[in-house]
Structure formats: C-alpha cells, structure tokens
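Remarks on the structure that follows.
Reckoned from all heavy atoms, side chains included, excluding hydrogens, waters and symmetry mates. Note that the coordinates shown come from a computational prediction; the quantities given were computed from them, not determined experimentally.
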Amino acid sequence: MSTLSDLVYLQGRADEADVEWLHRLAGDGQLLADLASADIVMWVPTPEDSFIAVAHTRPGGAATLFYRDIVGDSVRPQWYAQIKECFQTATIVDSSSPEWFEEVPTRVRAVPIVRTRPVVGERPNVIGILTRHTNLGEARTPSRQQITFNECADDLFSMISTGDFPDLDAPTAPRRGAPRASDGLVRLDVDGTVTFASPNALSAFNRMGFDDELEGESLVEVVAEILPTGREVDESLPVVMTGRAPWRSDIEARGVTVSMRAVPLKNNGTRIGAIILCRDVSELRHQEQELITKDATIREIHHRVKNNLQTVSSLLRIQARRTHSEEARDALTQAMRRVASIAIVHDTLASGLTQNVNFDEVFTRVLKLVAEVAAGAGTRARTHVTGKFGSLPSEYATPLALALTELVTNAVEHGLAEQDEGVVEIIAERDEEHLEVRVRDDGSGLPEGQVGQGLGTQIVRTLIQGELSGSIDWHTLTGSGTEVTIDIPLKWIRADS
C-alpha cells in the first residue's frame with residue numbers, strides 16, 4: 001500500500017507544506033473517528049477531476065462501514081457531487097438524505113481541509129476533503145457522553161474548514177501511551193472550567209486522590225490540589241490544564257501517572273474552550289523506566305567487560321615484553337591484539353543505546369591495532385578502506401572484527417614481509433542479502449596459492465564459517481599480492497540492524 005505522501009505526489013500536488021498538513025491531520029484521524037463514532041476518510045483531488053482516498057480511520061467504539069481498505073480508491077459516484085461541491089465552495093456540505101452504502105443507511109458530511117486561515121474576502125485554499133461516514137443502522141438514543149463527543153467532533157471539523165486544526169505547535173509524534181478519546185475526555189470552557197468529564201477521566205483523577213466531581217471545577221486548581229507539595233512539575237502543565245496550547249504533559253500523584261493532551265477549540269480563530277484527553281499510563285511509564293534501567297545496566301556491563309578485556313590485553317603486553325623467547329613473545333602479542341579487538345566492540349556498545357554496532361566505526365579503530373603491528377615489523381603499511389559495512393548486531397560484530405583483525409594483520413606481517421612499504425586494501429560491499437568483504441595486499445602473494453595452516457587461519461575459518469555461516473576464499477592476485485574474500489549472508493542478521 002502506498003503512503004499518504006506517495007498518493008498525494010502522484011496527483012501532481014508536490015507542495016511540501018500541504019503534504020505535512022495532511023500528514024498531521026491524518027495523525028489525528030483516530031481522535032476524529034472516535035469522537036464522531038464514524039469512519040473518517042481523507043481525499044485529495046486528481047488531475048482527472050476526481051478524488052482519491054489517501055487516508056482512512058475506523059472508529060474505535062462503533063461499527064465501521066468499510067471492512068475493506070479504501071485507501072488508493074477513487075471516490076464513489078454517490079459521494080462525488082457532495083465532495084465536489086465541498087471542494088469548490090470551501091464549505092461543509094452534509095448529505096441531504098441518508099446515503100445507502102452496501103444496504104446500510106449512512107449520513108455523510110464533507111469538510112474542506114484548509115491549510116491556512118484565509119484573508120477576509122478571499123477564497124480559502126482547499127487542499128483536500130475530509131468525509132465523515134456515520135452508520136445510521138447503529139443508531140440508538142445517544143448518551144450525554146456521546147452528545148458531548150459529537151459536539152467536540154463538530155468543533156474540530158469546523159476548525160479544519162477554517163485552517164485552525166491541526167495546530168502546528170502540537171507535537172508531531174505522539175509519545176508512547178498518548179491518550180485517546182475513549183481513555184478519558186474532559187471538556188473545558190474558555191475560562192478552564194470543566195463542563196464535562198467522561199467516566200474514565202473521572203476515574204483517572206480519582207486514582208490520583210481527587211474524590212469529588214470534576215464538572216464545575218477549575219481543572220488547573222484540581223491538579224494543583226492533588227499534586228504532592230514541593231514536587232517539581234513540568235512548566236507547561238498549567239498551560240495544558242487550561243487548554244491554552246496543544247501540548248502534552250504528565251501528572252503523577254499517589255504512584256499514579258496520567259498523561260494529558262490539550263486540544264484547544266476555536267471558532268473563527270477565537271478560543272472557545274478545549275478538549276483535555278487523559279489516560280492512566282502508570283504501567284507504561286513503569287515499563288519505560290524498567291527499560292531505561294535495563295539499558296543502562298547493559299551498557300554498564302559492556303563498559304566493564306571492555307575494561308576487563310583492556311586489563312587482560314595490558315597484562316599480555318607486559319608479559320610479552322618480559323619474555324625472552326621470540327616465539328612466546330609473538331604468541332602473546334597476537335593474543336593481546338585479539339583481546340583488544342574484542343574490547344573495541346564492547347566499548348562501542350557501551351556508548352550506544354541499542355545492541356547494534358556501527359561497524360565502520362569499529363573497523364576504523366581496529367586498523368589502529370594494525371598500525372602497531374606494522375611498526376613492530378618495520379614495514380610502512382598503508383591501509384585503504386572502500387565502501388561501508390553498515391550497522392551490525394553485536395553478536396556478529398565481534399567475530400567479524402576479530403576475523404578482519406587477523407586478516408589485515410596477516411597481510412601486513414606475511415603479505416608485506418621483507419618489503420619496506422605496501423598497501424592493504426579493504427573493500428566492503430553490502431546489499432539486502434549479503435555483506436562481502438575483500439582484503440587484498442600488494443605483497444608477494446601466497447606461495448603456489450597455498451593457504452596457511454596457522455592458528456590465525458583456523459581462527460578466521462571458525463569465526464566466518466562457524467559463527468557467521470559465511471564463506472571465505474584465499475587466492476593469489478594476477479601479478480602479485482593476495483586477496484581474501486569473505487561473504488556473509490545477511491539473512492542471518494536481524495531485520496532491525
């Protein structure tokens with residue numbers, strides 16, 4: 001299914017401001033659908049003098065009319081005249097009589113979507129149409145709550161037609177656990193006095209310690225009463241509680257956290273009151289805090305592992321300097337280098353918020369270890385990296401970092417042996433299915449194409465073939481030098497990497 005942006009751009013309407021406005025309005029589609037107890041469909045005009053649906057939201061507490069998704073469909077003939085009139089006149093147009101949709105009586109309201117309030121006397125710039133499809137087959141005597149919800153919906157539809165909703169000052173992305181109309185709704189008048197509170201909203205305030213009725217009370221005074229004395233609160237809270245700005249804030253009292261969202265209501269630009277949506281998010285906030293704590297713990301573990309590995313590496317370095325056996329010194333130095341390469345991965349994980357690693361950053365640091373090897377061997381080795389590795393999960397980053405450390409080190413120690421200088425080139429190529437890495441040098445090449453049988457080669461085979469389910473190939477380049485090719489299937493890597 002195409003995105004809203006794709007569908008709008010296909011109609012030749014590439015105005016970024018218009019698309020952003022439609023995105024914001026679509027983001028509040030659920031609020032409109034729940035308040036109106038109706039399906040909400042967004043339409044934009046097409047070059048063929050028709051309209052195409054670019055967004056659709058079903059009501060949460062009522063039966064939907066559209067059991068199949070209509071996004072991407074052209075407007076149906078029975079709605080065309082009404083939507084066309086709405087688009088041309090820039091006014092709200094209601095169906096004159098019940099419309100029948102698949103043997104269900106419905107009432108349709110078409111609302112012009114206006115992005116900016118027009119200058120007096122000028123025709124509004126209509127960028128689309130919003131239709132409200134009410135199922136009359138589900139009609140029953142409305143409760144006071146439903147009447148209030150419908151009144152709020154009518155106010156918002158009127159604001160949409162005058163360019164007052166959505167508000168550009170409102171947050172673009174709702175925080176996890178953002179309240180919906182069914183979670184709790186409070187209606188305020190222009191002075192911030194509660195004129196209606198849904199049962200769920202009243203229950204949320206009762207859990208925070210307010211035992212009276214909300215209606216007739218100043219909401220900001222109620223909140224001030226239940227907040228613990230001396231506790232610091234969000235400075236935006238009074239503005240949200242009076243409904244003067246379309247912001248969000250949390251209230252915490254008696255171990256209960258309630259998320260609040262203010263939706264100011266206007267009539268031709270003049271503020272007439274507000275809708276306050278509220279939801280008890282105590283459990284969600286508790287889970288978020290647990291995740292934050294666990295994340296901090298994991299990062300601390302990675303940090304301590306890194307420190308321990310660096311300590312082991314330092315001990316191996318000290319031991320290597322004290323030993324009198326050249327063979328033992330080389331073995332200890334190689335072990336020190338391998339431990340240090342693993343420490344680099346843990347150091348990178350300790351500074352991030354996910355368990356994925358930017359492997360390009362890791363490999364840049366790994367190459368510094370190779371510089372030490374080259375200095376010890378008396379070879380002036382230059383390294384050149386081409387391409388990008390991208391992000392990898394830590395369980396793949398560690399074996400790959402260790403394997404590449406071995407390969408690049410071998411290229412310097414053996415491929416460029418007995419040379420004053422040389423070049424080691426690392427080429428990374430990644431697509432959706434594979435990560436291919438080639439390590440080549442311009443040294444003397446493998447003797448008769450034979451692959452070494454040393455510990456380093458065995459380590460590389462075990463890491464690439466055993467842990468990464470990949471393949472590895474050694475071969476001598478034409479002329480001189482050696483090239484090692486590693487191929488790792490990305491299907492083994494998590495999709496979120």
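Closest non-hydrogen pair, Ile127 versus Pro45, comes out as O-CD, 4.0 Å. Closest approach of Val111 and Cys86 over heavy atoms only: C-SG, 3.6 Å. Between Ala38 and His133 the shortest heavy-atom distance is CB-O, 3.1 Å. Here the closest heavy-atom approach between residue Ala245 and residue Ala262 is recorded as O-CB, 3.3 Å. The shortest non-hydrogen separation linking Asp34 to Gly60 is OD1-N, 2.7 Å. Asp442 and Val423 make their closest contact through OD1-N, 3.0 Å (heavy atoms, listed as atom of the first residue, atom of the second, distance).
Using a 4.5 Å heavy-atom cutoff, the side chains of Asn410 and Val484 are not in contact. Residues Leu407 and Ile486 form a side-chain contact, since some pair of their non-hydrogen atoms from C-beta on lies under 4.5 Å apart. Between Asp73 and His56, the closest side-chain pair of non-hydrogen atoms is not below 4.5 Å. Residues Phe157 and Ile160 form a side-chain contact, since some pair of their non-hydrogen atoms from C-beta on lies under 4.5 Å apart. Residues Leu31 and Ile275 fail the side-chain proximity criterion, which asks for heavy atoms closer than 4.5 Å. By the 4.5 Å heavy-atom criterion applied to side chains, Leu463 and Leu468 are not counted as neighbours. In this structure the side chain of Thr106 never reaches within 4.5 angstrom of the side chain of Asp39, judged on heavy atoms. In this structure the side chain of Glu406 never reaches within 4.5 angstrom of the side chain of Thr409, judged on heavy atoms.
By the side-chain hydrogen bond (donor to acceptor under 3.5 Å, both in side chains) test, Ser37 pairs with Gln146, sequence neighbours left out. Judged as a ring pair (Phe, Tyr, Trp, His ring centres under 6.0 Å), and not counting sequence neighbours, Tyr80 has no contacts.
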ask   = After noting the C-alpha distance and the side-chain angles of Val75 and Thr131, does the key distance pass the side-chain contact (heavy atoms from CB on, under 4.5 Å) rule?
value = CA-CA 11 Å; Val75 65; Thr131 53; over 6 Å; no
ask   = Hey, mind stepping through Trp21 and Ile113 against side-chain contact (heavy atoms from CB on, under 4.5 Å) and telling me if it holds?
value = CA-CA 9 Å; Trp21 190 266; Ile113 302 173; 3.9 Å; yes
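Interatomic distance, CZ of Arg24 versus CG of Leu168, reported as 5.0 Å (0.5 Å rounding). Atoms CE and CG, on Met336 and Leu315 in that order, are 12.0 Å from each other to the nearest 0.5 Å. The CZ atom of Arg461 sits 11.0 Å away from the OG atom of Ser471 when rounded to the nearest 0.5 Å. Note that CZ of Arg58 and CD1 of Ile40 are 12.5 Å apart. Values are rounded to the nearest 0.5 Å. Of the inter-residue distances, the one linking Met42 atom CE with Thr57 atom OG1 reads 8.0 Å to the nearest 0.5 angstrom. Distance NE2/His384 to CG/Leu367: 12.0 Å, rounded to 0.5 Å.
When atom types are taken as modelled, the side chain of Glu429 and the backbone of Phe389 share no donor-acceptor pair closer than 3.5 angstrom. Within the 3.5 Å criterion, the main-chain N or O of Gly466 finds no donor-acceptor partner in the side chain of Thr462. Between the side chain of Arg329 and the main chain of Thr323, a donor-acceptor pair closer than 3.5 Å is present. For the pair Asn200 (side chain) and Ser182 (backbone), a donor-acceptor distance under 3.5 Å is present.
With respect to Val357, the side-chain contact (heavy atoms from CB on, under 4.5 Å) criterion is satisfied by exactly one of Ile344, Leu400, Thr398, Val362: Val362.
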